[in-house]
Amino acid sequence: MLGSIPDRGLLEQPPQEVAPYLLGKVLVAANLAGRIVEVEAYLGPHNPTPDPAAHAHRGPTPRNAVLFGLAGHAYVYSIYGRYFCMNVSCETEGRAGCVLIRALEPLAGLDQMAANRNLPPGSPLHQLTSGPSRLCQALGIARATHNGLDLISSDSPLQLRDDGFPVREYLVTPRIGIKEAVDWPLRFALPNHPCVSGPKSFSEKISLYRIESRPSIRRTVNPKRIPRT
DNA sequence: ACTCGGATTCTCT
DNA sequence: GAGAATCCGAGTA
């Protein structure tokens, strides 16, 4: 009902390729599920131009160890003392790289999500899972319980699934909330989706890509190139 | 051992 | 739009 488990090989690629691939996929945590509508790529330190905003950019540490392991595992970290964010590890083993899940469209367990967020039942969808820490709270994802879990396993309490939802185009913008590499176009989102977080417009830094045919830029105001990998 | 700041969110004004 | 809440991990010594 929520689709099949994706192939791990599809995640053993650079984050900027895995990120748009994850758009439209389903994240399942126990009996709760949501469709991924917004992500950000964070590049590993092996790149010629290292990503200064990435947790892995100075090499392996106890915290980021998952990022250097096999692709398709959850990297969950705590932030600001009260929240968690969740990433999907990618790249081949030994190389770091990940995709931050920034927003979901709730699909299953909406009342439970609202309860987890201390919101009343029937709250608007975008209040449940729009934002990287909001979605972790809604799905009950925490570092102690979910960091390092394999997302590509039908036994896992945290899974990635592909239900065939078609994504024909997606927005590309700079990433949110970082202080380094602020212009790199590594945030990806479904256009006009109500559950996407962040500012409504990035004015001068948005591109709209179409999938199929080769990715072609329909509208580009001031795109900067992703550092070569 | 000690300092510093964060891939955020919520609550005000 | 600004400020608080709040603590763990990374970097420096």
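Every value quoted in this text rests on a predicted model; they were computed, and no experiment measured them. Per chain, numbering begins at 1; letters A, B, ... match sequence-line order.
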Please confirm whether the shortest side-chain N or O distance from A:Thr61 to OP1 or OP2 of C:dA10 is below 4.0 Å. yes

What's the closest nucleotide to the A:Arg63 side chain, out of C:dC8, C:dG9, C:dA5?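 Closest of the options to the side chain of A:Arg63: C:dG9.
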
A:His55 has its side chain closest, among C:dA5, B:dA7, B:dC10, to B:dA7

Between [N] ([atom2]) and [X] ([atom1]): distance, integer Å:
{"X": "A:Tyr42", "N": "B:dG6", "atom1": "OH", "atom2": "P", "result": "12 Å"}
{"X": "A:Asn147", "N": "C:dC8", "atom1": "CG", "atom2": "C1'", "result": "13 Å"}
{"X": "A:Gln16", "N": "B:dA7", "atom1": "CD", "atom2": "P", "result": "19 Å"}
{"X": "A:Glu180", "N": "B:dG6", "atom1": "CD", "atom2": "C1'", "result": "12 Å"}
{"X": "A:Leu135", "N": "B:dA7", "atom1": "CG", "atom2": "P", "result": "16 Å"}
{"X": "A:Ile79", "N": "B:dA7", "atom1": "CD1", "atom2": "P", "result": "5 Å"}
{"X": "A:Asn116", "N": "B:dT9", "atom1": "CG", "atom2": "C1'", "result": "16 Å"}
{"X": "A:Phe84", "N": "B:dG6", "atom1": "CZ", "atom2": "C1'", "result": "14 Å"}

Provide the distance between the two P atoms, one in C:dT6 and one in B:dC2, to the nearest whole Å.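 Rounded to whole Å, the distance is 23 Å.
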
Taking for each residue the nucleotide of DNA chain C with the nearest heavy atom, is it A:Arg143 or A:Arg82 whose nucleotide lies nearer the 5' end?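 The residue closer to the strand's 5' end, by nearest nucleotide, is A:Arg82.
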
Are A:Tyr83 and the base of B:dT8 stacked, counting only ring centres nearer than 5.5 Å and planes tilted under 30°? no

Determine if A:Tyr80 stacks with C:dA5; use a centre-to-centre distance below 5.5 Å and an interplanar angle below 30° as the criteria. no

Pairing partner of C:dG3, by Watson-Crick or G-U wobble and under 3.5 Å for both distances, is B:dC10

With a 3.5 Å limit on both atom pairs, tell me what C:dG11 is paired to, counting Watson-Crick and G-U wobble, or say none. B:dC2

Is A:Arg95 positioned over the aromatic face of A:Phe68, cation under 6.0 angstrom from the ring centre and no more than 45 degrees off axis?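 Ring-cation test returns no.
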
At what distance, to the nearest 0.5 angstrom, does CG of A:Leu11 lie from OG of A:Ser89?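 It comes to 7.5 Å.
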
Nearest-0.5 Å distance, CH2 of residue A:Trp184 to CD1 of residue A:Ile178: 9.0 Å

Go nucleotide by nucleotide along DNA chain B from the 5' end; which of A:Arg134 and A:Met86 gets its closest nucleotide reached first?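 Mapping each residue to its closest nucleotide by heavy atoms, the 5'-most match is A:Met86.
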
If you find the nucleotide of DNA chain B closest to A:Leu67 and the one closest to A:Gln137, which residue's nucleotide is nearer the 5' end?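 Result of the comparison: A:Leu67.
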
Assert yes or no for the condition that the ring centre distance of A:His55 to A:Tyr77 is strictly below 6.0 Å.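 Yes: the rings meet the under 6.0 Å criterion.
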
Looking at A:Asp150 and A:Arg8, does any basic side-chain N land under 4.0 Å from a carboxylate oxygen? yes

